[in-house]
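Just so we're clear, the structure is a prediction, and the values are computed from it rather than from any experiment.
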Amino acid sequence: MFFITHVEPVHPLKGKEALFFIREHAPEQGIFQSHCVVKEVPHFFYTRNLKEPEALQLLSQLKADQNLSNLLMWQNNYTTDPLPGRHRKVSLTAAGSKEDKVKLPSPFLCDGTGGKWQDAFKQNSPSKLLRWFYPPGMVLKFLHDIPCPEDIPHPLECSHHRELHGHASLDALVREDYVVLDLELEGWEKGEDSIFMVVYASPSRRLILHNFDFPETEQEYFDLVYYDTQPELGKLVTQLINQDDPLWVYGHNIMNFDQIKLRELTGRAYRPAVNSHYPVTKSVQGLGRVITKGRWTLDSYKYSQVYRNILANNTLETISDDFEKSIDYEQQARLVKEAKAGSRAAFEQLVHYCIEDGLATERLGEELKEFVARKVVYFRAHPDAACSSSKATISKGYWNRRHFVIKGNMESEFHDRRREADIRKRGKQPKGYSVDEVKQKYLEKEFQRGFFPEGHVIYFTPFLAGAKWLLQKPDREILEQARSLSGVEKFDLVQMVNAKLGYLYEGVSRILKEEEKRVRPAQAYNFTNFPAAFTSEAGAALHSFFSTHGLVYGRYFALEHFRAFLRTLSLTFHKTNLGLKKYGVINSGNYFHVLAERPDVQKLEEGDYGYYLGSGEVLSLSRGRFIAHLFQKEEAKVSMGIDKMVYQGISLKRGRKTNFEKRVLEETVRKIFAHEKFEAVKEYLNEEIETLVSGQCAPEEYLVVTKRRTYYKEQLEQTLRGAGVDPKLLGEYHQLRKNIGDRYSDETKKKLHQLIDSCADKFCYPYLVEEVLWNIEHPYPQHINLVYGEKELGLIPVEWGIPELEKYREKMDERFKDFYAVLRPKQGVLFGSIE
């Protein structure tokens, strides 16, 4: 079997050549091999939807034009308007080279034919079109048997009973080989990055690559390999990857760190692609991550951040079972110096640390591979995107592709984007469209404060229950598997289906809101008061929306389905709220409800009303803020598992907190879940806070540690605002600021300089250049220590002044007020303060 892993144009602006990365998969013969194939693929151009007479006349004129004789043209006959008496709308398609866009007139959606919104959806992007025609996992009969776009059969995935024919199976993707990469750097805190050690692990070899002068060749079943220079390391890693030829590359934060460092420090020597004739070029790398063409990156950190972001953090120690780092970064820096000075013991400790990190990453990658592969099969998305993009983005990409392969253009999306952009331009964000917003509006929000010995955590999914007619075979298979799982794995899978259906709900919601404006302008749309009869415009829009995603078949008009969907959804909310009253709501957060009693799990999940994630002790602080002790073995110690609790609406360390807050918050939570007496916990809090506000704590306790670049980006905005610059300039900075991350392009740097130079006549200009700009471009040390100064100053660098203790008292009163409310004696009596 052969299947496509990536495809991209050989040249982004010219010609027809496309580069295909193809995987040969024959496990019976022990073959797991990658290939590169170049094939000419015509680039397609599309018009917007036209009335049929207009389209026929335009097609006749274009075919008679000798300047367009090299282009093939035809008519798309997809019917979008089911209402009788309406003109049938069609579109035209032209096939040629990418540079032909300048020849085609309007109404073709080409960059070269004018109009800001002419190609707003960027259909003209060669990379996007190729990805839509040739999704990852698409199976080929033979290595060079790559069909042209017009020869690709209408995808079966667009039928109501979608089969996976023509795509690699989940089992095939999971059985593919992998490699683990993990880098250790020195000098990072000064911006002088240098890789001193790399773990490289695959099924066939275990290696530690290092640049220390020690003769040892083996430790803990890993071979030790010496390298001299950074470019030599890049060549060595490239050679190893090409020899092992894995499909998967595992790493923890590998996208935003390890692969970028290999790219930056070794340049073209690092070619993780399958053929050195086609290295990863700068134009397709991006600044934020390296896309390894021909390989699939499984970033366990980014993946957990997107799909399992409910624990205290997403570090390797938290999301892995039974793993704890043997040294911290400060110890590592000290050991590197000692090893460079000749200490064999320091060297062996560094090697051990690197090995345990690599093995934990390997175990986690193997655990997550099936979940990532499911998203490849389910969404037709690259693992690189599935690991790093939001669920909403992946879902939208899936439906956009379905829309495209059915209609051949994206006109309705084009208009939606323009309307949304107009709303944003006026400073108004559309509200009430998202699944989360509707759940928050219609589900009960009762709240009880206290420490509960047992709470039952439910992820409610009323949209799954209300839209069963939309569930297809892959959806049902995933939900069935989810029922056999528990905890975070169950949550992971159910979110996939919920996000996919959420996109459909939001599309319907927009149409119905427009309908309400026509028939009942004064009344907002809601689930219990929907229109009994739709106008013809709304009926056509609903039919078009569903049919262009492959969800309406033949001449069947689906309005009754839409009405049934709304009635079922309304009934689902009603039943859910009745159940919530029956079982008692302790708290509800962004994702979960915590119930006082266990519901009928079988009925709940078989009806797709919600999914049961587990039970455990719950600290309910305020509405939407709670901590639940789930997903852990009974014998797990609280001291080891505090990060692995479920946190909703509260974070112990994230955000701008003083070192004091981070330490005391964590210790307070630990004491409560360790069943210490409430009075003792309250006394602990009183003593700690009084020590802080009396100025008796260690100096570092008063510090708020933040990224230097982040702080000075904020300073730039505050300075511009204080200087009274043109609001237009502030708007330009808001857009520019989004692009100034850990890495940013030369174009962004140029715009930043131009923006600051435009303030040359302002009194603040020297400060902007000498302090703000310098620290944005040279953010080393990477972190800056801040303290709370006088009220009007807020957070200031520690060297600017001493902490304002009264300000700290205000902050601590606010930070710990919910904890004090729980620790009141009456709360202890009511909810069983552990005596």
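There is a side-chain donor-acceptor pair under 3.5 Å between Q481 and R374. Neither side chain, Q782 nor K707, offers a donor N or O lying under 3.5 Å from an acceptor on the other. No hydrogens or angles considered: a donor-acceptor pair under 3.5 Å links the side chains of T318 and N313. Between the side chains of H593 and E444, no donor-acceptor pair of N or O atoms lies under 3.5 Å. In summary, the side chains of T658 and E701 do not present any donor paired with an acceptor at a separation below 3.5 Å, with no hydrogens or angles considered. Side-chain polar atoms of E366 and Y250 form a donor-acceptor pair below 3.5 angstrom. Residues H456 and E597 have side chains that never bring a donor and an acceptor to within less than 3.5 angstrom of each other. For the residue pair N587 and S620, a side-chain donor N or O sits within less than 3.5 Å of a side-chain acceptor on the partner.
A salt bridge is absent between K807 and E814: the closest approach of a Lys/Arg side-chain nitrogen to an acidic carboxylate oxygen does not fall below 4.0 angstrom. Checked for salt-bridge contact, R334 and D328 miss the test: no charged N lies under 4.0 Å from a carboxylate O. Between D492 and K375, at least one side-chain N (NZ, or NE/NH1/NH2) sits under 4.0 Å from a carboxylate O, which counts as a salt bridge. Salt bridge present: E605 and K490 bring a charged side-chain N and a carboxylate O closer than 4.0 Å. Salt-bridge check for R737 with E717: passed, with a basic side-chain N closer than 4.0 Å to an acidic carboxylate O.
Residues L619 and F626 fail the side-chain proximity criterion, which asks for heavy atoms closer than 4.5 Å. In this structure the side chain of D182 never reaches within 4.5 angstrom of the side chain of H252, judged on heavy atoms. At a threshold of 4.5 Å between non-hydrogen side-chain atoms, the residues P383 and L298 do not count as touching. For the pair E454 and E617, the minimum side-chain heavy-atom distance is 4.5 Å or more. Using a 4.5 Å heavy-atom cutoff, the side chains of E489 and R308 are in contact. Taking the side chain as every heavy atom from C-beta outward, L621 and R449 never approach each other to under 4.5 Å. Proximity of L685 to Y820: side-chain heavy atoms (C-beta onward) are separated by under 4.5 Å at one or more points. Under the 4.5 Å side-chain criterion, counting only non-hydrogen atoms from C-beta, T361 is not in contact with L359.
For the pair R625 and Y647, the cation-pi criterion (under 6.0 Å, within 45° of the ring axis) is not fulfilled. K500 forms no cation-pi arrangement with F379, by the criterion of a distance under 6.0 Å to the ring centre and an angle within 45° of the ring axis. A cation-pi arrangement is present between R598 and Y612 under the rule of less than 6.0 angstrom and at most 45 degrees off the ring axis.
Contacts of Y702 classified as ring-ring contact (aromatic ring centres under 6.0 Å, His included), with partners at least two apart in sequence or in another chain: Y808. Take D600 and apply the salt bridge (charged side-chain N to carboxylate O under 4.0 Å, His left out) test, not counting sequence neighbours, and it matches no residue. Under the ring-ring contact (aromatic ring centres under 6.0 Å, His included) criterion, Y303 pairs with Y307, not counting sequence neighbours.
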Apply salt bridge (charged side-chain N to carboxylate O under 4.0 Å, His left out) to the pair E700 and R663, showing each step before the final yes or no. CA-CA 12 Å; E700 58 269 18; R663 176 179 63 81; over 6 Å; no
Could you walk me through whether T315 and Y301 pass the side-chain contact (heavy atoms from CB on, under 4.5 Å) check? CA-CA 7 Å; T315 64; Y301 176 80; 5.9 Å; no
Verify side-chain hydrogen bond (donor to acceptor under 3.5 Å, both in side chains) between D742 and N256, making sure each step is shown before the conclusion. CA-CA 9 Å; D742 291 339; N256 286 346; over 6 Å; no
Intermediate values then yes/no, side-chain contact (heavy atoms from CB on, under 4.5 Å), L786 and Y711: CA-CA 9 Å; L786 308 174; Y711 173 76; 3.8 Å; yes
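The only member of K657, K653, K671 that meets salt bridge (Lys or Arg N to Asp or Glu O under 4.0 Å) when paired with E666 is K653.
The six-membered or imidazole ring of Y611 lies away from that of Y459, with a centre-to-centre distance of 6.0 Å or more. Separation of the F592 and F491 ring centroids falls under the 6.0 Å cut-off.
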